[in-house]
Amino acid sequence: MSTTHSTVEEIHSHGHDHDHDHDHHELGFIRKYIFSEDHKVIAKQYLITGILWAFFGGALSILFRLQLGFPDMNLEWLKPILGGWIDESGKLDKEFYLALVTMHGTIMVFFVLTAGLSGTFSNFLIPLQIGARDMASGFINMLSYWFFFLSSAIMFCSLFLETGPASGGWVVYPPLSALPQSMPGSGLGLTMWLIAMALFIVSSLMGGINYICTVINLRTRGMYFSRMPLTIWAFFFTAVLGLLSFPVLLSAALLLIFDRSFGTSFYLSEIYIQGQALPNMGGSPILYQHLFWFLGHPEVYIVLLPALGMTSEIIATNSRKPIFGYRAMIGSMMGITVLAFIVWAHHMFVTGMNPFLGSVFMFLTLIIAVPSAVKAFNYITTLWKGNIIFTPAMLFSIGLVSLFISGGVTGIILGNSALDINLHDTYFVVAHFHLVMGAASFFGLLAGVYHWFPKMFGREMNKTLGYIHFWLSFVGVYAVFFPMHYIGIAGFPRRYYSFTALGNNAEAAFTDLNAFISIAAIITFSSQAIFFFNFFISIFKGKKASQNPWNSNTLEWTTPVEVGHGNWPGEIPAVYRWPYDYSKPGSATDFIPQNVPYSATPESNLPEETEEIAIEKDIEGLLSAQNEVYNR
Amino acid sequence: MNYLIGLLSIVFLGLAFAVISKSAGLSNKIKGGENDGTPLDSSNNTNAIGFIIFWLLGTVGGVWSFLDSQPDFLPVAASEHGIKTDNMFWMSMAIVTLALFVTNTLLFFFAFKYRNKRGNEATFYPVNHKLEIIWTIIPAIVMAVLVFTGWRTWREITSPAPSVSEVIEITGHQFGWYVRYAGNDDNALGNSNYKLIDDTNSIGIDLADKNSFDDFTATEIHLPKGKPVLLKIKAQDVLHSVYLPYQRVKMDAVPGMPTKFWFTPTMSTDEMRAKLNNPDFNFKLNCTEICGRGHFGMAITVFVDEPADYEKWKKEQKPFLTLNPTYLDKVPANLKAKAAKYIPAEPVAVDSTATEAVSVN
Ligand SMILES: [Cu+2]
Ligand SMILES: [Cu+2]
C-alpha cells in the first residue's frame, strides 16, 4: 500500500491538533500503511486488492470463453501457465473448465463486488460524508481488511493445488461439494474454499457492524438521517443486509464442513457413488440451497445497492440537479432491503420444493421489481432538464442505469416460476445476472473510483482515457451479454464444457455467436488495461486535484485536498441542509454545500427552509458534545 | 461471419470515437478551457452524441441480432404446458422489451438533450408525488397481471398428475441416466433402494416388491404422444437435473428426495422431424445441474411415439427379472411363484402375459 505514501506523508507534516491523534506522529510505516486503522488507508487497501482480484477473475473468464468461443482452438501455448490443465490434445481440461467457472464466480461476487465495492467505498465515504473523524472502531476495521486479505490468500493458494480449486459452481451445492470422490475439486480445493469463505464472512461482518455503528453514532451535528446522502443510505442498507444474511451462509458452510469432515448427514442421504453405498441418511441437499440462497439473494443487493447509491450521488452532481425523489429513493432502497430477505427461493423453483412455496416466492419476487422500477424512473427524471457534465464517473453512472434496466427486466421473466422451468440454468440466466448484478455494479465501482479518486489520492485521473475506457466497456458489455439471451432462449445450459451433447447439431447454430461473444469479452477485458494504467499512473503523476473538483455538495469535499488522519484539520463542519441543493433558484452558484447554513443563503431559501434558520443555533450548540465523543 | 463483421465495425467505431475525443481534448487545451471552475471539457458534446449513436446502433443491432438468431431458437413446444409457457414467455418478453426500449431511449435522449450548455441552468425539480405514484402503480399493475397469469399456469403444471399417467422413473448418476418403466402388467413401479445397487442392478430395484417383477429398464426414453407422462426423478450420487428442452420440462434430481414432473407430449419425433425438415432430428434429455466432469455430456435420446407404436415398443421390452433370472434369489419365498412367470425358462409365457398390459387404467 506504499502507493498512498506520498499523499499521506505530506499531510502528516502539516499536523493538526484535535486530541485523539496525539500519538499519530509516532506511527511507523507499518502502522500507517499496512496495519493501518485509518479508514481511508483501509479503503485503498480494499480497492487495490479488489482491482487485482477483478483482473484475475476477468482473466479466468477469458480462459473459459476461449473454450466456448473456439472449441477447436489449440491451447498448447497456455501450457507454460496452466501446465497439466491443458491436456495432450491441447484442449482445456474438463474439470479445470468447471474450476474456472467456479472461481470466476466466487472471485467476482465476493472478492470484487462485495469486498472491493463495499469495502472500498463504505470505508472511504461513510466517515467523510457523515462528518466523522474515522470509523467507530478503527481496530475492528483493520481486522476486517486483514481477515479479507487472509481469505484472499487462501482462496488464491487453492488455485495451485494439484487437484484444482473448488469446481462445483460458485454455489458449491452438496452432495457434489460434500463428496471428495465426486470430483477432484471437491477435495482440498473445497476445504480451502470453505475456510476462505468463513474468513471472508468474518471480515464482512466486522466491516458491516462498523458501518452500521458509524452511521448511527458518528454523524456530525445537523446530519439528520433525512439529510444523509443517498450513498450513505445505500451503504447502511447494504451493511444491514450483510449483517443479517452472511451468518446464514456461515452456518451453511459450517454444516458442509461437518458433513465433509466429521461424518454428519445434514445434506446427505441415500447416496451411492463410485460403487459404494454411503451410510448417510436423512439429510437434505435442498436444505443447503435454502441456507445458501438466504444469503445468495440479498447478496445481489449487497453488490448492487452501493453502486446505486454512488450513482445517485454522481448523477445528481453532474446533472447539476437535485436527485429526483430523494425520499422515494430511500423508501425504495428500504423496500428492496426488506424484500431481499423473502425472495430467495426463486432460485429453487425446479428443485422439487413444494409448488405452493414456488407461488409465494414468485409473488414476492415480482413485487421487488416495483421499487427497482421506481429507482430507474427517478434516475431518468434526474437527467431531465439537467445541465449534464459527462465526467467519466457520470458516463459510468448513466451506463449503470442502462445496464440495471436492461438486465433487470429479464428478472421479471425469470422470477415467474412457470417461465423459469425452461430458462432455469440456461444462458438466459447468465445474461440476466451478468448485466444487472455483474456489469451494473462493476460500472458503479468504476464510477466511484473516477469520482472519488481526487479525494483518495489528491490527484485527478486522465479524463480522455476515462472516456475511451467507458465507451469500450459500455459497448463491450452489451456486446457480450445481450446476445447471450438468445443462446439461453435456444435452451443452452450453463456450465457446459461444450454443447455437442445437445444433439441435432444445435451447437453449430451458435458457433458464430459464441465466437463473437468471446472476442467481445476479450476486447472488453483488454480495454480495462486503460483503466489500470490510468489508475496507477495517476496516483503518482496525475494532475493535482482541486478541493472540490466536481462542485459537489457533500462533506468530503470540505476536507483538504490531501486528507489527513482525522479528516478535518479543524472542527468537523456542521450540516444545515440536504446534499442536493444544485441549481437552486436564486442562488448565484449552481451548488450549495451541506455545511452552508440557510442564514447565509436568504436569496435561495424556500419558505420552509427560512424557518430552519431558527434551529441553526441548536445545531452549533452540539459542537462540544460532538468533540466529547472523540475525547473519550 | 456476420457477427465478426459487426464486431469489427464496433471496434473501429470505438477507435474513431477515441480519436475524435482525443483531438477534441487537444483543441480544448489550445482554447484554454476549464476557466469557469466547472469540470467541463470539450468532449462533453462528443460524449452526449455518443449516447445517441449508441442508442441507434444498439437498436439496429438488437433487432438485427434477434432476427438473425430467431431461426435457432427452440422449435415450437412439443408439450401441452410448453405451448402455454412459450406464449407467456413471448408475451412477457414483448412487455419487458418495450419497457427496456422506452426507458433506455429516455435515458440516452435526456443525456443528449440536456448536455451542458454554457449559460444554461438546470431546473430545480426535486420531487413530484403525483409522478412517483403513477410510476409506482403502473409497474405494480403490470406485475400483478404477470404474477396472476404465471401463477395460474404454474398451478396447472404442478397439479397432481392424472391417474392415467404413464409412469417412468429416471435416475441421474455420474454421468448418465437410468430409465425404468413400470412394466407391461401393473403400470406400477416397484420399490428401489440404493443399498441394493450392484453392477447389474444399477438402479437398486427391490425384488422383494411384487410390483418390481415386470419393471423393465431401457437405454433410451420412449414417450406416448398425447398421453400424460409422469416422470419420477431420482439421483444416486450428486444433484442432477432433468431437462427436456423441446418439451420445456425441467426438474432437479436430488439424492434422497424423489421429485416428479408430469406433462403431455404433443408432437411425436416423426412430426417434429417433418416440421423441421430434418430426418435425423431427435428429442434429447440433458442435465442442467452441474454434476462434475461429464456434466455437459449427460444426455439420453427421447422418442415420442404414436400411442400404438409406443405400446408396441413397450411390449418388446423384457423385464429386468427376465433378463437377469439370478435375481429370483432375492424374491421372498411367498412371492416366488408370482415371480417365476417372468423367468425365461418358457420364453413364450412372457409374451402371453404381456397382452393384458394397458388395461390397468
Ligand atoms: Cu435472487
Ligand atoms: Cu449434470
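Quick note on labels: first sequence line is chain A, next is B, and so on, each numbered from 1. Quantities reported herein were computed from a predicted structural model and do not represent experimental measurements.
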Exercise. So what's closer than 4.5 Å to chain B heavy atoms on A:T381: side chain, backbone, both or neither?
Worked result: side chain

For this session: Could you tell me whether B:R293 and A:D93 have a side-chain N and a carboxylate O separated by less than 4.0 Å?
Result: yes

Problem set entry | Region of B:N45 that comes under 4.5 Å of a non-hydrogen atom in chain A | neither

Exercise. Under the 3.5 angstrom rule, does the side chain of B:N286 hit a backbone N or O of A:A501 as a donor-acceptor pair?
Worked result: yes

Exercise. Under a 4.5 Å heavy-atom cut-off, does chain A meet the side chain of B:Q247, its backbone, both or neither?
Worked result: neither

Exercise. Just checking, any donor-acceptor pair under 3.5 angstrom between side chains of B:N104 and A:S402?
Worked result: yes

Exercise. Can any side-chain N or O of B:N120 pair as donor or acceptor with the backbone N or O of A:N387 at less than 3.5 Å?
Worked result: no

Problem set entry | Residue part contacting chain B, namely of A:P174, when any heavy atom lies under 4.5 Å | backbone

Problem set entry | Heavy-atom proximity to chain A below 4.5 Å, by part of B:Q236 | both

Problem set entry | Structural part of B:F101 lying under 4.5 Å from a heavy atom of chain A | neither

Problem set entry | Engaged part of B:M257 at the chain A interface, taking heavy atoms whose separation is under 4.5 Å | side chain

Problem set entry | Part of B:F109 within contact of chain A (heavy atom distance under 4.5 Å) | neither

Exercise. Quick one: what part of B:L131 sits under 4.5 Å from any heavy atom of chain A, side chain, backbone, both or neither?
Worked result: side chain

Exercise. At a heavy-atom separation under 4.5 Å, does B:A144 approach chain A through its side chain, its backbone, both, or neither?
Worked result: neither

Exercise. Tell me, side chain or backbone of B:F108 under 4.5 Å from chain A's heavy atoms, or both, or neither?
Worked result: side chain

Exercise. Which atoms of A:T426 come close to chain B, meaning under 4.5 Å heavy atom to heavy atom: side chain ones, backbone ones, both, or neither?
Worked result: side chain

Problem set entry | Side chain A:N504, main chain B:N282, donor-acceptor under 3.5 Å | yes

Seminar exercise, completed: Looking only at B:T103, B:V249, B:L244, B:I157, most heavy-atom pairs under 4.5 Å shared with chain A are made by B:T103

Exercise. Can you tell me if B:K250 uses its side chain to pair, donor with acceptor, with the backbone of A:H424 under 3.5 Å?
Worked result: yes

Exercise. How about A:F363: does its CZ atom have over 12 heavy atoms from other parts shown lying under 6.0 Å from it?
Worked result: no

For this session: Measure B:W90 against the heavy atoms of chain A and call it side chain, backbone, both or neither at under 4.5 Å.
Result: side chain

For this session: Measure the acute angle between the ring planes of B:W135 and A:F324, then classify it against the limits of 30° and 60° as parallel, tilted or perpendicular.
Result: perpendicular

Problem set entry | Partner of A:I388 under side chain to side chain contact (heavy atoms under 4.5 Å, CB included), chosen from B:F112, B:F110, B:Y114 | B:Y114

Exercise. Taking A:Y486 for the side chain and B:F66 for the main chain, is one N or O donor matched with an acceptor at less than 3.5 Å?
Worked result: yes

Exercise. Would a line drawn from the ring center of B:F51 to the ring center of A:W471 be shorter than 6.0 Å?
Worked result: yes

Problem set entry | Largest heavy-atom contact set with chain B, pairs under 4.5 Å, which of A:L278, A:T410, A:L268, A:T391 | A:L278

Exercise. Are the side chain of A:E270 and the backbone of B:Y194 linked by a donor-acceptor contact shorter than 3.5 Å?
Worked result: no

Exercise. Please walk me through it: do A:N422 and B:T85 pass side chain to side chain contact (heavy atoms under 4.5 Å, CB included)?
Worked result: CA-CA 9 Å; A:N422 190 47; B:T85 55; 5.7 Å; no

Exercise. Is the distance between the ring centroids of A:Y97 and B:F296 under 6.0 Å?
Worked result: no

